[in-house]
Amino acid sequence: MGGQLKKDQVVRTLDDAIYAFGRAIPQCNADQDFTGLSDAFPMIAKHLPILLQTLGSMQNYLGNTEETEEVKKKYNAVSQFAEMCRKQAGYFEDIFVAITADNSVPKLERYRNAVDDADGARIESVTRKLLDQAVDLAVAPLVSDDLIEELERAQEEVAALGPSLKDDHRVGATLNNYAGGVQFFHNGTGNQNHCSGGVQVTGDGATNHFAPEKKRE
């Protein structure tokens with residue numbers, strides 16, 4: 001947005017962010033089972049409500065007090081922070097829904113797939129950016145001193161987290177079999193051929209499969 005925003009515009013942006021983040025938070029329960037995932041998950045789930053409290057504090061202050069020139073200078077930054085939170089609320093919801101889905105795929109693999117769908121954005125990186133922006137913006141009277149301390153503590157703890165995913169060096173296609181049956185995996189170059197019986201002859205550019213004797217009679 002260009003130019004100086006008005007207070008009602010900023011309050012409206014905060015309202016939208018609070019609604020979106022409020023929907024996502026119930027999915028991000030710190031007490032859920034994070035077995036198989038990194039330590040980042042319970043830590044981040046614990047701290048996400050602080051971002052919602054920060055949005056609520058800003059909305060409450062702006063909606064119930066007279067404008068001052070000092071606070072007006074922060075309108076653009078507050079609006080940008082709120083819009084960033086609104087957009088990332090869907091990200092957190094998608095990530096936590098993915099890892100809590102009731103299926104046989106390991107949680108780490110579900111998380112990896114969700115990260116791929118989010119253009120590689122890992123949960124600790126997204127959370128760190130939001131907390132960094134919140135700490136830069138959180139000053140009295142927009143938020144209380146106690147909330148500022150909580151934000152700074154959350155920022156330090158999230159910054160100290162290791163990566164939620166190790167670097168993935170897989171190249172090309174990956175085949176995962178989480179059910180019964182046979183899986184054939186080829187991790188080299190050239191063709192892969194599956195023969196269920198009989199004689200198979202392979203060469204450069206051609207594969208010939210002959211059925212077993214009893215099938216040719």
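For the numbers below, each heavy atom of this structure counts, side chains included, while hydrogens, waters and symmetry mates do not.
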How many angstroms lie between atom [atom1] of [X] and atom [atom2] of [Y], to the nearest 0.5 angstrom?
X: Asn76; Y: Gln9; atom1: CG; atom2: CD; answer: 9.5 Å
X: Ile50; Y: Ser57; atom1: CD1; atom2: OG; answer: 13.0 Å
X: Tyr19; Y: Leu55; atom1: OH; atom2: CG; answer: 15.5 Å
X: Ser79; Y: Arg12; atom1: OG; atom2: CZ; answer: 10.0 Å
X: Arg112; Y: Asp117; atom1: CZ; atom2: CG; answer: 13.0 Å
X: Met43; Y: Leu48; atom1: CE; atom2: CG; answer: 12.0 Å

Looking only at heavy atoms, which two atoms of [X] and [Y] are closest? And how far apart?
X: Cys28; Y: Gln32; value: C-NE2, 4.0 Å
X: Ala24; Y: Glu93; value: CB-CB, 4.1 Å
X: Arg122; Y: Leu165; value: NH1-O, 2.5 Å
X: Ala17; Y: Arg86; value: CA-CB, 3.9 Å
X: Leu14; Y: Ala82; value: CD2-CB, 3.7 Å

Show which side-chain atoms of residues 140-157 pair as donor or acceptor with protein atoms under 3.5 Å away, not counting sequence neighbours.
unit_1, atom_1, unit_2, atom_2, d
Ser144, OG, Leu147, N, 3.2
Gln155, NE2, Asp132, OD1, 2.8
Glu157, OE1, His47, NE2, 2.6

query = Hey, does the side chain of Thr100 reach the backbone of Phe96 with a donor-acceptor pair shorter than 3.5 angstrom?
reply =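 Yes: the side chain of Thr100 pairs with the backbone of Phe96.
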- Pair Asp94-Val97, side chain to side chain contact (heavy atoms under 4.5 Å, CB included): steps then yes or no: CA-CA 5 Å; Asp94 289 345; Val97 166; 5.8 Å; no
Suppose we screen for side chain to side chain contact (heavy atoms under 4.5 Å, CB included). Which residues come up paired with Gln133, at least two apart in sequence or across chains?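 Partners of Gln133 under the side chain to side chain contact (heavy atoms under 4.5 Å, CB included) test: Gln80, Phe81, Met84.
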Open item on the list: Please enumerate all residues that pass side chain to side chain contact (heavy atoms under 4.5 Å, CB included) together with Asp136, with sequence neighbours excluded.
Closed with: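 Asp136 satisfies side chain to side chain contact (heavy atoms under 4.5 Å, CB included) with no other residue.
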Side chain to side chain contact (heavy atoms under 4.5 Å, CB included) between Phe34 and Lys107: does it pass, once the steps are laid out?
-> CA-CA 8 Å; Phe34 295 114; Lys107 291 181 181 180; 6.0 Å; no
Residues, nucleotides or ligands: over 12 heavy atoms within 6.0 Å of Asp39 CG:
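Open: at most 12 neighbouring heavy atoms sit under 6.0 Å from CG of Asp39.
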Are [X] and [Y] close enough that some pair of their side-chain heavy atoms sits under 4.5 Å apart?
X: Leu108; Y: Leu37; value: yes
X: Ile44; Y: Leu161; value: yes
X: Tyr91; Y: Ile123; value: yes

Kindly state each residue pair satisfying ring pair (Phe, Tyr, Trp, His ring centres under 6.0 Å) with at least one member in residues 98-120, sequence neighbours excluded.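 Of all non-adjacent pairs touching residues 98-120, those that pass ring pair (Phe, Tyr, Trp, His ring centres under 6.0 Å) are Phe41-Tyr111.
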*Distance-only side-chain donor-acceptor flag, Glu83 / Thr13, under 3.5 Å*: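 Note: Glu83 and Thr13 side chains miss the donor-acceptor criterion.
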For Arg110, side chain to side chain donor-acceptor pair (under 3.5 Å) partners two or more places apart:
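So Arg110 forms a side chain to side chain donor-acceptor pair (under 3.5 Å) with Asn103.
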Residues 58-75 side chain polar contacts: donor-acceptor under 3.5 Å, at least two apart:
unit_1, atom_1, unit_2, atom_2, d
Gln59, NE2, Asp15, OD1, 3.0
Asn60, OD1, Asn64, ND2, 3.1
Asn64, ND2, Asn60, O, 2.7
Thr65, OG1, Tyr61, O, 2.6
Glu67, OE2, Tyr75, OH, 2.9
Thr68, OG1, Val71, N, 3.2

